[in-house]
Amino acid sequence: MGAPGPGGRFGEFGGRFVPESLVAACAEVEEAFKEAWDDPLFHRELDGILADYGGRPTPLTECHRLSVKLGVNVLLKREDLAHTGSHKLNNVIGQALLTKRMGKQRMIAETGAGQHGVATATAAALMGLECAVFMGDVDMKRQELNVYRMELLGAEVHRVSSGSRTLKDAVNEAMREWVASVGTTHYCLGSVMGPHPFPYMVRELQRVVGDESREQYRRLRGGADPDVVVACVGGGSNAAGTFAGFVETDARLVGVEAAGGAAIARGIPGVLHGMHSRLLQDEEGQILEAHSISAGLDYPGIGPEHAHLAAMGRATYEQADDGEVLSAFRLLAEYEGIIPALESAHALAWVVREAGRAIPAGSSVLVTLSGRGDKDVAQVRALIGGA
Ligand SMILES: *Cc1c(COP(=O)(O)O)cnc(C)c1O
């Protein structure tokens, strides 16, 4: 997966659909990132922090018991073991370094479930930056503990009461605040979405997941590549980073969306949050609410590069429903002693369903475990009871 075409296009998707007041801000980020990404010193600093602070490289774990049960060889890329419990740290550390490089002192971010807000607040604390996080009123009530975490980390959490008072509205509000404070503030966007250069930049910052996985797998298997590479898709950053490592191999690439938020399967091309992509919308073009058991996948769109990979047929996008996700969540806990994030359990759920079917028996499957499930334990307990 290379750089996007002119104007930040991935095929017909992507672009930079922003008000005049943000065109220069996006161009500044594009320029700063290009310079940083070409600078070995930037990489040395980023890699150093991700190693000594973030815990990279994260391991590749072979699931011996689960593999026997499913009849396919399952390996997990363990982003759950990165600091703050998911792949999100890879993105925010990179953007925090970029913020300082641009001479800015403040980061703002949107958050739905709160995970990206916590990650951004973490990076800001580490680097001595101010941090403000925009969060819908509904999400603040659902994710009280993450609001408190952000405050502990020194961030200001701004309640968003417009629209549906969820993630979509938080992004709008963060963009508005960026317009108002662009001289001092960087908008640390949380996934491979939004206006160019964010979909490209965030994918590059997450490609460490795919690059590490490929090398770890080759070391383990005498230079071979896995047959299938699977990741869950919300905005699409952990999947994009994973796919970047394998797009030039023969591996089949599969993204798994929540059945209630399937922007590839049921989305219509349109413009939202500065990008042209596939979006859940009604006949009048009103954006629909996404629904999923995991708040981290409740986004009505998908990163434009995924829409492009789907259009080209290089990656396919499947769905998992809430019931399958809960079963996969329990299965991994019981068979491997790993409690996955509900988001990550979507990727596993597809593997469980398709082992011996779309995934031929005996195949090797690399699954990105995007995060750990501690944050979801209370919710799962309330849903399925027991213990
Ligand atoms: C945020 C999150 C996701 C969804 O975001 P992507 O940009 O699609 O990767 C998936 N898994 C976990 C654990 C998350 O925290």
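Heavy-atom basis, side chains included; hydrogens, waters and symmetry copies ignored. Numbering of ligands and ligand atoms starts at 1, following listing order.
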Looking only at heavy atoms, is any part of Val192 under 4.0 Å from ligand 1, and if so is it the side chain, the backbone, or both, or is it neither?
neither
When every non-hydrogen atom of Arg203 is compared with those of Val192, the smallest separation belongs to N-CG1, 3.5 Å
Quick note on ligand 1: atoms under 4.0 Å from a heavy atom of Gly371 include exactly 13 (C)
In this structure, which one of Ser162, Ser164, Ser161 forms a side-chain hydrogen bond (donor to acceptor under 3.5 Å, both in side chains) with Asp169?
Ser164
Numbering the atoms of ligand 1 from 1, which are under 4.0 Å from a heavy atom of Gly234?
8 (O)
Heavy atoms of Gln143 and Gly112 approach each other most closely as CG-O, 4.2 Å
Where ligand 1 meets Gly235 - atom numbers and elements under 4.0 angstrom, heavy-atom basis:
7 (O), 8 (O)
Could you list the residues that satisfy ring-ring contact (aromatic ring centres under 6.0 Å, His included) with His308, not counting sequence neighbours?
none
Can a non-hydrogen atom of His87 be found less than 4.0 Å from any atom of ligand 1?
yes
For atom 11 (N) of ligand 1, what is the closest protein heavy atom, and at what distance to 0.1 Å?
Ser370 OG, 2.7 Å
Heavy-atom proximity to atom 10 (C) of ligand 1, best of Arg203, His116, Glu343:
Glu343
Identity and separation of the nearest protein heavy atom to atom 6 (P) of ligand 1
Ser237 N, 3.3 Å
Of the choices Glu79, Met193, Gln115, Lys88, which has the non-hydrogen atom that lies closest to atom 14 (C) of ligand 1?
Lys88
Using a strict cut-off of 4.0 Å, indicate which atoms of ligand 1 neighbour a heavy atom of Ala341.
13 (C)
Can you find a pair of side-chain heavy atoms, one from Leu332 and one from Ile339, that are under 4.5 Å apart?
no
